[in-house]
Amino acid sequence: MAEAGIAQTLGPAVVLLGSAVIAVPLFRRIGLGSVLGYFSGGLLVGPSVLGIFSEPSTILHISELGVVMFLFLIGLEMRPQKLWALRTQIFGLGLAQVVLCIALLTGAGVLLGLPLAVAFIAGSGFVLSSTAVIMSVLKERGELAGAQGRQAVSILLLEDLMIVPLLAIVAFMAAGAGGGTNGLGATAVLIALGAIAFVVAAGRWLLDPFFALLAKTRTAEVLTAGALLVVLGSALLMDYAGLSMAMGAFLAGVMLSGSSYRHQIETDVEPFKGLLMGLFFLAVGMSLDLSVVAAEWRMILALLAAYIVVKSIGIFIAARAFGSGNLQALRRASLFAQGGEFAFVLYTAAAGAGVIGAADNAVFSSVIILSMAITPLIMIAADRWLRDDAVSMDGIETAAGLKGRVLMVGFGRFGQIASQMLLAQGVEVALIDNDPDRIREAERFGFKVYYGDGTRLDVLRQSGARAVDTIMVCVDDRKATDRIVELVKEHFPSCRLLARSYDRGHSIVLRKAGVDYEIRETFESALAFGGAALRALGMTALDVGEVTVDIRRRDSERLEAQVQGGLLAGRDKLHVAPQPEPLVTPAARRSTA
């Protein structure tokens, strides 16, 4: 009996994993992305096709924890100062986009024959874009750390906050003109604010001592359990307070962003996030009821097309109003032109309150699921048609199917010198850079450089990162270097990774990130420069060499000590190590004898 129970539990898990393992690589291979692969795998095993799973809503509720953990990890990258710097984008751009799109989508629903109240609910749900889809697409394309990623996070945070007033509006609409709320609106707001204040206070004064206490046990599982406790506890608190679980997890991440345990926590949570995110997309695919689509296909397709077009127009107008160029505004519209997971919450609440009917709920939910499913296709089309032609690409070859023992990312003044050492020994090097003018200039001197942005995972794959022995990161951009290192360590861990660092603090960051070798871009040249000064003062070449070796050794030892201790000793803004003690050279010993 026990074995039969275990088999009944493991059977569905094996089916889910099998559908993901088959569908995701297949869809990625044909260029449609992993998100659409998960959707298709879920649809196949769901009640509408094979019927292996009859209640996808149960799996959907559990898998929403993947979105929660995703927002927690995003929060870990957002220090409070950085979040405060985004306040204009969150409450300016985000609010403008949401309000404008709600108005436009409500009007579109009325024109399609929906009653005003129903049109408002349907449009408001579609405005709440999918955090899971957008973040997954940005992460897969390596754009999460860029300007596009920061603006996307700002807008999604505002949309998460909007679920509270929208649910309150549903309650007022259900109550009707007679009211009956008895001040519950004000009470709900106070409870929500109190929950936010508690999470902020706990993060400020309790979390670091809490993880310090767990770290003393020297048990990795305990620290992992503590990280999950913080994520799930803050999410649950926010859920009880009427806010979204994702918002609670995000706030917890922000509060821990300055913690010395941040990297360990991130490592512990990452595997759970990835697995649950995949499960979430599978569950969304299962939730698509093909019988509803077949019965109401005209209305569903009309709403889908109208909502995508109208929402895109609203996003474009808001983006242009806040200073974005036409191309950037169109790209943002292609990214956000879908409904999201919070729409299911809004539609369910509205159906339960009698504001919309059960049939309307099924139709609107189908529209949301289909919009999430076609987002990867919209992004592929956007990549093809929305290209920045400000810089001519005539004669420039894009990185595709490159081969070599070494992949060098960045062919500026640093990369040009470094590459000559390898090429002189006949080492096959694949060279990529994102500056067309530099690529043309390199070709004049006999170097074949391909166009590619190394901060994008798909470009690294096309450049042969999976097959090379070594990847050399030579870009002149600290953030870009960090992003490339992150992608390589996550997706190509077998490669040896060498990186050019900006300064001493950046060297420490790169060493903690696990690079095999890093060097400050000015370190060796500065040593040579100082050595030239010593020779000009009359010191012999042998003595200068000994001083140079000693300074290099001491610097390496101090840097390693700082990495191990996790401290910059207040020198993170300096380009120097503590002043070394004078070295007694052979010449100095002879003069004192």
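Since we're looking at a predicted model, the values are computed, not measured.
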- Query: Do Arg438 and Glu441 sit within salt-bridge range, that is, some charged N less than 4.0 Å from a carboxylate O?
  - Reply: no
- Message: Assess whether a salt bridge exists between Asp482 and Lys479, defined as any Lys/Arg side-chain N lying under 4.0 Å from an Asp/Glu carboxylate O.
- Response: no
- Message: Checking Asp555 against Arg558 for the salt bridge (charged side-chain N to carboxylate O under 4.0 Å, His left out) test, could you report, in this order, the C-alpha distance in whole Å, the side-chain angles of both residues, the deciding distance, and whether it holds?
- Response: CA-CA 5 Å; Asp555 182 84; Arg558 292 189 188 98; 5.7 Å; no
Any donor and acceptor pair, going by atom type alone, linking the side chain of [X] with main-chain N or O of [Y] inside 3.5 Å?
X      : Y      : answer
Lys489 : Ala513 : no
Gln338 : Leu335 : yes
Ser371 : Ile368 : yes
Asp433 : Ile439 : no
Glu428 : Arg405 : no
Ser556 : Arg552 : no
Arg496 : Thr470 : no
Asp516 : Leu498 : no

Taking the side chain as C-beta and beyond, is there a heavy-atom pair between [X] and [Y] under 4.5 Å?
X      : Y      : result
Thr455 : Asn434 : no
Gln97  : Phe336 : yes
Phe411 : Ser419 : yes
Ile519 : Glu524 : yes
Phe492 : Leu457 : yes
Ile308 : Ile374 : yes
Ser130 : Thr375 : no
Val475 : Phe414 : no

- Task: With side-chain contact (heavy atoms from CB on, under 4.5 Å) as the test, would you mind laying out the steps for Asp503 and Arg478 before giving the verdict?
- Result: CA-CA 9 Å; Asp503 57 17; Arg478 175 172 179 163; 3.7 Å; yes
- Query: Given Val509 and Val485, is the side-chain contact (heavy atoms from CB on, under 4.5 Å) satisfied, shown in steps?
  - Reply: CA-CA 11 Å; Val509 171; Val485 167; over 6 Å; no
- Message: If we count only N and O atoms by modelled type, under 3.5 Å, do the side chains of Glu518 and Ser507 hold a donor and an acceptor together?
- Response: yes
- Message: What I want to check is whether the side chains of Ser129 and Lys311 have a donor and an acceptor closer together than 3.5 Å.
- Response: yes
- Query: Between Glu521, His506, Met472, which is the residue that forms a side-chain contact (heavy atoms from CB on, under 4.5 Å) with Arg500?
  - Reply: Glu521
- Task: Grab the two heavy atoms, one from Ser312 and one from Ala333, that are nearest each other, plus how far apart they are.
- Result: O-CB, 3.7 Å
- Closest non-hydrogen atom pair, Ser501 against Leu510: CB-CD1, 3.5 Å
- How far apart are the C-alpha atoms of Gln462 and Thr398, what are their side-chain angles, what is the distance that settles it, and do they pass the side-chain contact (heavy atoms from CB on, under 4.5 Å) test? CA-CA 9 Å; Gln462 288 296 319; Thr398 302; over 6 Å; no
- Distance (rounded to the nearest 0.5 Å) between Leu497 CG and Tyr517 OH: 13.0 Å
- Note on the structure: Rounding to 0.5 Å, atoms CG (Leu44) and CZ (Phe39) come to a distance of 15.0 Å
- Message: Applying salt bridge (charged side-chain N to carboxylate O under 4.0 Å, His left out) to Arg483 and Glu486, what does each step give before you reach the verdict?
- Response: CA-CA 5 Å; Arg483 178 58 184 163; Glu486 178 186 350; 3.2 Å; yes
- Does the side-chain contact (heavy atoms from CB on, under 4.5 Å) test come out yes or no for Val468 and Val406, once each step is laid out? CA-CA 6 Å; Val468 299; Val406 176; 6.0 Å; no
